[in-house]
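Data first, discussion second: the structure below is written as structure tokens.
Note that the coordinates shown come from a computational prediction; the quantities given were computed from them, not determined experimentally. The basis for the numbers below is simple: all heavy atoms, side chains too, and nothing from hydrogens, waters or symmetry mates.
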Amino acid sequence: MLADIIYVIIYGFVFASLYGIMTVGFSFICGLGGFYDIALPAYLMVGAFIYVKLSEYIGGWALPITVISTGIICLLHYLVFIKRIREDAFVVFFATIFIALIIQSIFEYFFTTSYIYNYPPLISGHINLLGVKLSKDLIVGGVIGWIALFGLRYMTRHTNIGRAIIAIPQSTLGSRIIGIDITRIQSFVYFLGGLLLGTGAYFYGGYLGVNSHMWSHPLIIMFTITVAGGLGSIDGVILATLLIGILEVAVVTLIDPRLRSVVILMVGLLILIFKPKGFAGKRIG
Amino acid sequence: MKRIFLILTILSLFLILTYPAIAENKPIKIGIMGPMGDATGLNVLRPAELMIKKINAEGGLLGRQIEIVGPYDTKWEPAEGIRAFERLKAAKVDLILSGIVDDSEAGLLSRIAASDDIIYFSEFASTMTFMTNVKKKYNKFKNYFMFTPIDIGMYGCVEEPALMLSKQLGWKNVYLMREDSVWTEGVGEMVLNETPTHGLNVVGFDVIPIDAKDLTPYFRKAEKAGADMIYTFFSSFGEAAASQAWDIKLKIPMIGHNGVLNDYGYWKRSRGAWGPLITTSKWGSLEKHSAEWRDFMVEWSTSYDDDPRTPMWLGECTWKSIKAYKEAVERAGTTETDAVIKELENTYYPDAPTMGGFYGPDEGDWPHSWCIPIDEKARFEKNPKRGAGLWKPSNMIPLTQWQPKEIAPASTFLLPGTPDDYGRLVTIWPSHIAGGTFQYPPYYTEEDIKKLEHK
């Protein structure tokens with residue numbers, strides 16, 4: 001039992017950081033705009049496929065290109081689609097569902113639904129941590145995740161752009177009055193969110209494999225963490241990723257792996273009902 | 001009025017006189033249905049395309065060209081399966097090649113039974129109860145043929161090599177992992193009930209949702225249970241299981257069915273994740289197979305640029321289907337359903353990758369199931385003796401392992417265009433087509449092997 005608990009804590013921390021990388025951009029975007037952009041997890045899948053294909057030719061150098069290109073794709077997604085419809089949360093919600101499904105269908109066409117693509121980790125090998133075997137690559141992912149989360153936390157407190165990201169969800173009108181360019185901030189956050197998604201795509205895809213349906217579980221995770229953490233709150237995201245990461249590994253390890261998604265969705269549902277602002281954020285709509 | 005009557009009479013006479021010629025020249029229609037969005041459906045379509053093209057180029061079947069109707073995409077939904085079947089029926093096809101999975105086929109059985117002018121070839125399903133229909137209500141279900149061995153065979157082809165390895169290496173503890181779908185229910189029960197009677201211990205089991213992406217928690221459970229080997233009955237996530245096993249350096253050999261794992265592209269998609277995986281596949285060690293099958297593999301792999309370029313489960317079943325239908329029609333001299341069915345009941349392919357054939361309603365419990373003679377010597381005859389009590393469901397499904405070039409036997413056949421450093425798919429069971437033996441992956445230390453083999 002003790003071995004299981006150690007396993008849950010260690011893997012919980014690692015998963016939490018990966019989920020954190022994937023979710024923090026999503027949370028900022030939703031917080032800034034007051035809408036849910038469901039297409040973002042699909043760009044995680046796009047990033048993972050970019051890495052799969054590029055790494056065949058240029059090996060590990062595919063990672064920086066994946067990260068930057070996912071950032072650019074998310075920025076374009078904002079400029080082409082979201083900027084036009086951002087005033088209506090319902091339109092954004094439905095439009096981004098359509099975009100995600102279109103992306104999925106295109107990837108199904110080119111890569112089918114049955115094949116799973118994999119790639120070797122950039123850092124191979126495992127280490128044994130308190131009896132728990134952990135891949136070195138996943139540990140690096142975990143460390144990068146936590147650095148990114150706390151780096152963003154620092155940015156939101158000590159830089160103008162970071163303060164603007166926090167200010168806009170509090171009062172969009174007030175932000176405009178004091179001269180914050182909302183389009184510029186939103187573009188930046190989409191680009192930043194894309195960079196983080198691209199990073200998460202490499203680690204997530206490397207662990208679970210890449211296929212044309214791989215975005216559905218991250219959608220559940222990102223949605224639940226954002227709801228639980230509170231829109232646009234970096235502290236909320238950190239707290240919620242830890243909760244969800246550890247809870248997920250605990251359910252899988254101690255109860256039954258089949259209950260993984262059910263438990264996460266139940267957490268999201270309970271928070272929506274009993275604490276709709278999440279741990280530290282703003283309510284949607 | 002007289003003139004109109006005269007014209008109609010002449011026209012009628014013309015039609016009556018020319019009808020046989022018209023009928024003889026009309027194409028034979030073969031309908032194709034299955035989940036076309038993925039490798040499953042393509043494993044029906046591609047071999048059918050290649051073989052029909054060849055038959056047509058050689059003058060057709062009984063002088064008639066063969067026309068493909070469809071393919072109709074059934075996705076993975078029973079309702080789409082019904083819709084596709086109805087469309088093919090409306091198109092008056094002579095034969096249906098179906099790549100739908102058992103869950104969907106269950107909803108089609110009554111429709112198949114009610115369509116006695118169509119012969120239905122099931123390429124994917126293996127549920128035993130479907131075939132009891134043929135035995136119990138032969139006249140209703142006589143147009144239904146299953147090219148995949150039924151549950152008993154699916155179980156046997158895992159259990160027999162496991163017993164062989166147990167004898168050779170001392171492995172005793174079995175952990176069962178099966179995906180949560182109809183086709184694994186029967187075999188899962190057999191593992192739980194029959195494997196302990198063969199001297200092996202079933203130390204645990206999991207029924208895994210078909211949308212599972214992370215298999216590592218199940219591997220961990222198997223490790224904790226002290227398993228020496230894992231029996232796998234996977235189709236949808238077999239590939240994820242294989243690469244994750246490689247990723248976490250799983251030290252428990254996996255034996256069984258593993259979906260799309262063993263098509264040609266797996267080595268590239270997984271970047272050489274081979275691991276301790278022994279899985280059913282029909283194109284391993286091609287140097288041991290018949291020239292006919294080997295040539296067909298070469299033709300398939302060079303005809304398409306994208307996967308699937310070699311068969312997963314259904315690809316070989318479809319190959320056998322077209323071959324069996326062509327030969328049955330030629331022997332019968334007609335495409336008339338009853339006559340063709342009678343000839344199909346005389347099909348037997350001792351040199352097919354999955355050895356077997358069909359028999360009729362009076363020769364045993366499993367008419368129209370893919371069966372082999374019980375007498376091991378008779379299995380290799382082209383026309384083994386038929387009769388009640390002489391046959392059983394085929395378990396002669398090859399088990400293979402991906403091995404890197406350095407480890408695989410040098411004689412392993414390479415498909416044209418295969419890069420030299422590409423993996424080799426080596427058949428390790430059954431012995432008559434085995435090209436090599438099970439190999440431990442490099443991450444097994446000598447200590448690991450010693451520990452595993454001396455349990």
Side-chain angles (χ1 to χ4, degrees), chain A residues 1 3-4 7-8 11 15 52-53 55-56 59 104-105 107-121 124-126 132-135 137-138 204-218 220-221 248-262, chain B residues 35-43 73 75-76 177 180 206-221 223-224 235-251 259-261 263-273 306-308 312-314 443:
Chain A
M1 190 62 186
D4 282 340
Y7 179 90
V8 167
Y11 262 90
F15 275 106
V52 165
K53 286 288 144 196
S55 61
E56 280 178 23
Q104 178 184 297
S105 300
F107 276 75
E108 275 177 9
Y109 178 79
F110 285 107
F111 298 99
T112 79
T113 53
S114 35
Y115 295 132
I116 294 173
Y117 297 80
N118 290 280
Y119 39 83
S124 57
H126 290 74
V132 177
K133 199 168 69 177
L134 261 178
S135 116
D137 205 54
L138 210 53
Y204 189 80
Y207 181 68
L208 293 180
V210 178
N211 89 336
S212 55
H213 282 189
M214 68 173 285
W215 66 285
S216 56
H217 187 65
I220 296 172
I221 296 284
E248 183 182 3
V249 181
V251 169
V252 163
T253 309
L254 305 174
I255 306 172
D256 193 316
R258 286 175 290 178
L259 295 174
R260 162 180 259 156
S261 294
V262 177
Chain B
M36 292 297 156
D38 65 30
T40 312
L42 293 176
N43 260 270
D73 186 6
K75 302 184 173 68
W76 287 89
M177 288 186 192
D180 189 6
D206 275 309
V207 182
I208 305 174
I210 53 170
D211 60 348
K213 305 243 176 344
D214 184 4
L215 276 294
T216 52
Y218 301 100
F219 294 146
R220 194 162 177 269
K221 282 175 76 178
E223 280 173 339
K224 282 173 71 178
S235 62
S236 56
F237 48 66
E239 205 163 3
S243 60
Q244 284 164 17
W246 174 258
D247 202 39
I248 66 161
K249 311 296 179 220
L250 182 74
K251 288 179 182 167
V260 296
L261 171 67
D263 84 344
Y264 178 83
Y266 172 76
W267 189 264
K268 187 179 176 193
R269 290 194 302 276
S270 72
R271 311 281 170 96
D306 60 336
D307 295 328
M312 52 185 275
W313 194 269
L314 310 80
Y443 58 78

A:R260/B:D214 ion pair, N-O < 4.0 Å:
yes

Which residue out of B:K213, B:Q244, B:R220 racks up the most heavy-atom pairs below 4.5 Å with chain A?
B:R220

Where on B:D180 is there a heavy atom nearer than 4.5 Å to chain A: the side chain, the backbone, both, or neither?
neither

Could you grab the distance from atom CG of A:L208 to atom OG1 of B:T216, nearest 0.5 Å is fine?
7.5 Å

Any idea which of A:Y119, A:F111, A:Y7 has the most non-hydrogen atom pairs under 4.5 angstrom with chain B?
A:Y7

What's the verdict on side chain to side chain contact (heavy atoms under 4.5 Å, CB included) for B:K221 and A:V252, showing C-alpha distance, side-chain angles and the deciding distance?
CA-CA 10 Å; B:K221 282 175 76 178; A:V252 163; over 6 Å; no

Part of A:V210 lying under 4.5 Å from any heavy atom of chain B
neither

Pairs of heavy atoms under 4.5 Å with chain B: top-ranked of A:S212, A:S216, A:A3, A:P120
A:P120

Where does B:P35 contact chain A at under 4.5 Å (heavy atoms): side chain, backbone, both or neither?
neither

Among A:S261, A:G209, A:P257, which residue has the highest count of heavy-atom pairs closer than 4.5 Å to chain B?
A:P257

Under 3.5 Å, is there a donor-acceptor pair between the side chain of A:K133 and the main chain of B:I248?
yes

Engaged part of B:K249 at the chain A interface, taking heavy atoms whose separation is under 4.5 Å:
both

Chain B heavy atoms under 4.5 Å from A:Y207: which part of the residue, side chain, backbone, both or neither?
both

Least distance between heavy atoms, A:G206 atom then B:D247 atom:
O-OD2, 4.1 Å

Below 4.5 Å from any heavy atom of chain B, which atoms of A:H217 appear? Answer side chain, backbone, both or neither.
neither

